[in-house]
Amino acid sequence: MNASSCDVAIVGGGIIGLSCALYLREAGHDVVVVERNDPASGASRGNAGALAFAEILPLASPRIIRKAARWLFDPLGPLSLPPAYLPRIAPWLLRLWRASWPSHYQANIQAQVALIGLAQEEMLTMLARTGLDRHLHTEGVLEVYEGANRFAAAQETARQRLIYGIESQPVQGDELAALQPGLAPRFTHGMLVPRWRNVDDPQSLAVDIGLRAQALGARLLRREVRAVEPGTEGGRLILDDGTALQACRIVIAAGAWSHQLSRPLGDPIPLETERGYNTTLPPDALDLRRQITFADHGFVISPLTCGIRVGGAVELAGLKRPPDYRRAQAMLDKAKAFLPALRTEGGEQWMGFRPSLPDSLPVIGRARRHPAIFYAFGHGHLGLTQSAATARLIRDLIDGQVPAIDLAPYRPERFF
């Protein structure tokens with residue numbers, strides 16, 4: 001194929017797009033990744049580095065609906081929604097509320113379990129065969145709670161996980177202190193989840209996946225895609241310099257911007273963005289033994305090679321509203337109170353867009369009207385976790401193989 005054509009064009013150079021490029025190139029496809037910025041410079045850069053193989057409960061859940069009303073009254077709390085954005089996001093919120101109904105919620109858990117199960121298998125296998133398992137850490141995650149009542153309220157999550165074989169180990173007292181010295185005394189109980197995995201630096205891993213794909217022959221094109229035009233034999237990407245890239249197949253994996261490309265294709269997928277915030281402190285800011293989740297406060301603190309990252313929370317405010325870095329500072333202040341030895345000087349603040357669908361499941365499948373165009377977006381805060389599984393499923397579809405899991409729960413048609 002020449003420079004203006006390829007077998008598979010992938011729109012988006014984040015962790016999903018780069019993983020798809022690797023899998024498809026391994027299968028022998030001529031692949032071009034089109035990315036307007038540096039690879040892995042968006043949400044793939046600023047996440048907490050978690051391979052959250054225990055995270056099977058959807059955001060659209062009864063527990064979140066119950067907490068949401070309280071959280072929304074705190075503009076710097078775990079969940080924020082600027083009043084001016086409410087009219088725009090109201091239809092999405094209605095869908096989220098419906099997805100939290102018991103019958104929908106249980107079905108979404110089943111779908112999440114299937115995808116997470118494949119994600120663990122594919123990610124660990126992919127890291128091993130590419131030599132990138134050097135990025136992997138296996139200390140698990142420590143969830144901490146303030147008092148017996150808070151801990152008891154969290155037992156439902158542990159019970160749901162155990163149904164699917166995901167074990168949690170309750171800890172308190174000296175055992176909790178040994179897992180993470182220096183926790184404030186207010187945290188009396190914890191839950192260690194050994195199945196959880198972490199990577200040393202999420203951006204570094206994503207970049208290395210992209211470099212591995214390029215070493216196998218994938219190409220990176222630094223351009224912005226203005227439109228996707230379907231054709232009788234594939235389609236073409238209209239680029240910001242006025243040129244076009246012809247492709248036999250197209251994969252849209254552009255994160256929070258993906259719906260801007262799917263809508264003109266006849267798929268107005270209800271994609272929103274969970275704006276996440278963090279502060280990355282110097283690596284010596286704390287003797288942090290493993291990722292800690294402060295579940296009741298909506299944030300985590302993670303040890304990465306690039307530093308100690310304090311981040312999380314959800315701000316439902318779209319793509320255009322300026323960042324409100326007070327949210328990052330509020331989490332940092334709490335982290336200091338919860339871990340008094342934490343040194344908070346010299347940090348770098350960040351805000352990124354997590355592409356989220358109201359039922360907490362991604363879109364993985366073909367465009368309804370254009371069988372040569374594929375969607376791979378909407379993973380919320382599980383993009384890193386589910387990246388290899390998504391790449392496997394996209395490869396299965398493009399190669400005409402039976403997908404590794406049933407794709408019905410993730411199909412675009414579920415919204416129409």
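Counting begins at 1 with the first residue of the sequence.
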Trainee: Going by atom types alone, do Q110 and Y105 pair a side-chain donor with an acceptor below 3.5 Å?
Mentor: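 No, no side-chain donor-acceptor pair sits under 3.5 Å.
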Trainee: Cation-pi between R36 and W257: NZ/CZ under 6.0 Å from ring centre and within 45° of the ring axis?
Mentor: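 Relative to the ring axis of W257, which defines the angle, R36 lies inside both limits.
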Trainee: Does Y23 have R129 sitting over its ring (NZ/CZ under 6.0 Å from centre, angle to axis within 45°)?
Mentor: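 The answer is yes; both the distance and angle limits are met.
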Trainee: I need the single residue from R327, E315, R326 that forms a side chain to side chain donor-acceptor pair (under 3.5 Å) with Y277. Which is it?
Mentor: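 One option only clears the test, and that one is E315.
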Trainee: What I want to check is whether the side chains of R197 and T138 have a donor and an acceptor closer together than 3.5 Å.
Mentor: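 Distance-only check fails for R197 and T138.
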Trainee: Do R95 and D359 meet the salt-bridge criterion of a basic N to acidic O distance under 4.0 Å?
Mentor: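 Salt bridge absent between D359 and R95.
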Trainee: Is the side chain of S44 donor-acceptor paired with the backbone N or O of I15 at a distance under 3.5 Å, no angle test?
Mentor: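 Checked: pair present.
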Trainee: Can you list the residues that meet the side chain to side chain donor-acceptor pair (under 3.5 Å) rule with E35, with sequence neighbours excluded?
Mentor: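 Partners of E35 by the side chain to side chain donor-acceptor pair (under 3.5 Å) criterion come out as none, since no residue qualifies.
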Trainee: Less than 3.5 Å apart, any donor N or O on the side chain of Q386 or Q112 sitting next to an acceptor on the other?
Mentor: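 Yes, a side-chain donor-acceptor pair sits under 3.5 Å.
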Trainee: Could you grab the distance from atom NE2 of H259 to atom CD1 of I252, nearest 0.5 Å is fine?
Mentor: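 Spacing of NE2 (H259) from CD1 (I252) equals 12.0 Å.
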Trainee: Between R369 and D267, does any NZ, NE, NH1 or NH2 come within less than 4.0 Å of an OD or OE carboxylate oxygen?
Mentor: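 No.
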Trainee: Go through the structure and list residues passing ring pair (Phe, Tyr, Trp, His ring centres under 6.0 Å) with H29, not counting sequence neighbours.
Mentor: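 H29 satisfies ring pair (Phe, Tyr, Trp, His ring centres under 6.0 Å) with no residue once adjacent residues are dropped.
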Trainee: Between R219 and D30, is the closest basic N to carboxylate O distance under 4.0 Å?
Mentor: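 Salt bridge: yes.
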Trainee: Between atom CD of E122 and atom CG of L127, what is the distance when rounded to the nearest 0.5 Å?
Mentor: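 So the CD of E122 and the CG of L127 are separated by 11.0 Å.
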Trainee: Sort and list the pairs that fulfil ring pair (Phe, Tyr, Trp, His ring centres under 6.0 Å) and have at least one residue in residues 82-103, not counting sequence neighbours.
Mentor: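 Every ring pair (Phe, Tyr, Trp, His ring centres under 6.0 Å) pair that includes a residue of residues 82-103, provided the two are not neighbours, is W97-W101, W101-H104.
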Trainee: Can a donor-acceptor pair be found between the side chains of D296 and Y145 at a distance below 3.5 Å?
Mentor: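 The criterion, which ignores hydrogens and geometry beyond distance, is not satisfied for Y145 and D296.
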Trainee: Would you mind checking if E139 and R290 are paired as a salt bridge, meaning a charged N to carboxylate O distance below 4.0 Å?
Mentor: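 Salt bridge: no.
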